[in-house]
Number of protein chains: 2
Amino acid sequence: MAVAKAKVTAAIDPSVITNKLEEDIALGRILPRERLIEEELALRFGVNRHVIRQVLMELETIGLIARQKNKGATVRDLLPEDVTNIYAVRELLEGKAAELIELPPKPEVVARLKDIQERHAKAAEAGELTNVFRLNLLFHKTFFAACGNPHLADAIQHFALKAHIARSLTVGDPKLLKRAVEEHAQIVHYLETADRANLVRLAVEHIIPSKDAYLESYRRRFGM
Amino acid sequence: MAVAKAKVTAAIDPSVITNKLEEDIALGRILPRERLIEEELALRFGVNRHVIRQVLMELETIGLIARQKNKGATVRDLLPEDVTNIYAVRELLEGKAAELIELPPKPEVVARLKDIQERHAKAAEAGELTNVFRLNLLFHKTFFAACGNPHLADAIQHFALKAHIARSLTVGDPKLLKRAVEEHAQIVHYLETADRANLVRLAVEHIIPSKDAYLESYRRRFGM
DNA sequence: ATCGACGTCATTGTTGACAATATTCCAATG
DNA sequence: CATTGGAATATTGTCAACAATGACGTCGAT
């Protein structure tokens with residue numbers, strides 16, 4: 001009995017499913033107001049429905065989906081004012097983190113960011129949206145983790161996830177993508193040159209285009 | 001022995017249990033590193049173990065407890081640096097909210113805050129810790145909800161809950177309590193007189209004493 | 001044709017049983 | 001006496017069956 005049974009089917013961690021669904025929502029593969037059926041998802045990921053329920057609860061607290069008792073879960077539909085409010089908090093938090101980050105940063109932090117940045121740029125060039133999404137996420141996570149306040153970094157991560165719904169509609173835009181890639185390179189540059197003022201400015205400005213793109217897209221669809 | 005199923009019309013909502021456990025942690029009835037056994041809690045609240053699991057997951061995302069796979073849940077033990085970091089975020093968020101709040105505020109907001117403040121003061125005088133806890137929570141929630149940014153208000157609420165672990169050790173201190181009551185009255189006053197500068201200042205300063213009390217208490221217990 | 005009552009189906013919520021994993025305790029060993 | 005091995009126990013994790021609820025279409029009456 002010492003030997004564990006060989007697991008034929010790889011044990012799927014709930015957080016893996018959560019991440020996958022976040023990705024689906026962020027990339028617009030599941031759209032706002034679209035319904036998430038527990039059994040469908042259970043089948044798709046090859047797990048029990050309870051695991052899916054747990055995942056859905058997580059997504060709810062993150063703010064990506066809304067659940068109603070006995071009625072199920074749907075992707076949240078963010079109104080322009082929601083997006084404005086979320087981004088107001090993001091600017092506040094991310095600006096603060098940029099103020100706190102150690103300058104000059106530890107060499108390994110810069111090294112990691114450079115590596116991520118390059119892979120992100122390549123993925124963008126190749127049009128691999130999934131990788132672009134993941135590497136962008138990783139870049140920001142790595143950057144803000146360096147601020148020295150894990151609780152602040154968590155909050156930033158949390159609000160970045162909330163904003164993903166808003167980004168789903170404009171995620172494919174090559175212009176936005178190109179600009180994001182360039183700004184990542186600039187952020188690394190400001191880190192290396194210990195240029196606090198520009199770092200803080202860019203950290204805040206960096207997220208604005210995606211907000212504007214969403215508001216613009218919303219206006220276009222529903223009129224002003 | 002006797003019966004235990006007194007609740008024919010029960011239907012206990014999970015959030016009620018969550019709130020009760022938050023209270024227990026905040027008031028120090030359950031201490032850091034103490035274990036939370038699912039079946040015990042299920043028995044205590046007269047619900048199925050699954051409900052408790054759900055509650056524990058919520059408490060985990062709030063940050064009040066830590067869970068390890070197959071090992072169960074314990075109340076989180078906040079190190080001084082955690083408390084410092086959490087309060088840094090609180091000051092940032094609550095300061096911002098105070099800047100955003102509409103001045104002069106709507107009359108009904110002031111009326112509600114006054115009512116809560118008076119009941120809070122009475123509870124403090126009577127030494128009813130449970131009511132003090134609840135009314136203090138309600139006061140802050142009502143105040144920050146008035147900032148006009150629900151996402152910001154949520155984040156504030158979230159971090160206030162995280163901080164509750166830290167407050168559990170000093171919650172009984174009459175000096176702190178007296179000061180909190182007075183400052184609530186002052187906050188209402190600054191609202192009525194539309195005194196933005198003082199309002200922002202006090203909103204930030206108001207939470208500092210409980211942070212300092214925790215750090216002090218920690219030093220005393222483990223030496224400096 | 002419109003509306004509402006009603007029955008059926010789809011979906012979520014709840015429960016108890018069982019499996020997997022950690023913890024505790026005790027005895028055997030060096 | 002400390003340590004290790006391994007049952008016995010305690011606790012959490014997973015599952016499948018069942019109950020409750022809401023969504024939807026059908027049918028009859030006006």
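Residue numbers begin at 1 in each chain, while the letters A, B, ... track the order of the sequences. The structure presented is a predicted model; accordingly, all values stated were derived computationally and were not measured.
Closest to the side chain of B/I37, out of C/dT14, C/dG16, D/dT12, is D/dT12.
For residues 58-77 of chain B, proximity to DNA chain C is found at B/N70, B/K71, defined as any non-hydrogen atom under 4.0 angstrom from a strand atom.
For A/H50 and C/dT15, a side-chain-to-base donor-acceptor distance below 3.5 Å is present, hydrogens and geometry of angles not being considered. In this model, no side-chain donor or acceptor of B/R49 finds a partner on the base of C/dG16 within 3.5 Å.
Salt bridge A/D154/A/K141: absent, no basic N to carboxylate O contact under 4.0 Å. In this structure, B/R44 pairs ionically with B/D24, as a charged nitrogen and a carboxylate oxygen lie closer than 4.0 Å. Of the charged side-chain nitrogens involved, none lies within less than 4.0 Å of a carboxylate oxygen, so that A/K122 and A/E128 do not count as a salt-bridged pair.
B/I52 has its CD1 atom 11 Å from the P atom of C/dT15, to the nearest Å. Between the CG atom of B/N48 and the P atom of D/dG13 there is a distance of 15 Å, given to the nearest Å. Look at CD on A/E38: it is 15 Å from C1' on D/dC15, rounded to the nearest Å. When the C1' atom of D/dG13 is taken as reference, atom CG of B/L56 falls 13 Å away, rounded to whole Å. Between the CE atom of B/M57 and the P atom of D/dT14 there is a distance of 10 Å, rounded to whole Å.
A parallel orientation is assigned to the rings of B/F139 and B/F143, their planes being inclined by less than 30° (bins at 30° and 60°). Aromatic ring pairs are classed by plane angle as parallel below 30°, tilted from 30° to 60° and perpendicular above 60°; the pair A/H140 and A/H184 is perpendicular.
Between B/E39 and A/V51, it is B/E39 whose nearest contact on DNA chain D lies nearer the 5' terminus. Both A/R35 and B/V47 sit near DNA chain C, but only A/R35 has its closest nucleotide nearer the 5' end.
Shortest non-hydrogen contact noted between B/V55 and B/P14 is CG2-O, 3.6 Å. Of all non-hydrogen atoms in B/I165 and B/L78, the two that sit nearest each other are CB-CD1, 3.9 Å.
Here B/L36 lies in heavy-atom contact (under 4.0 Å) with sugar-phosphate atoms only.
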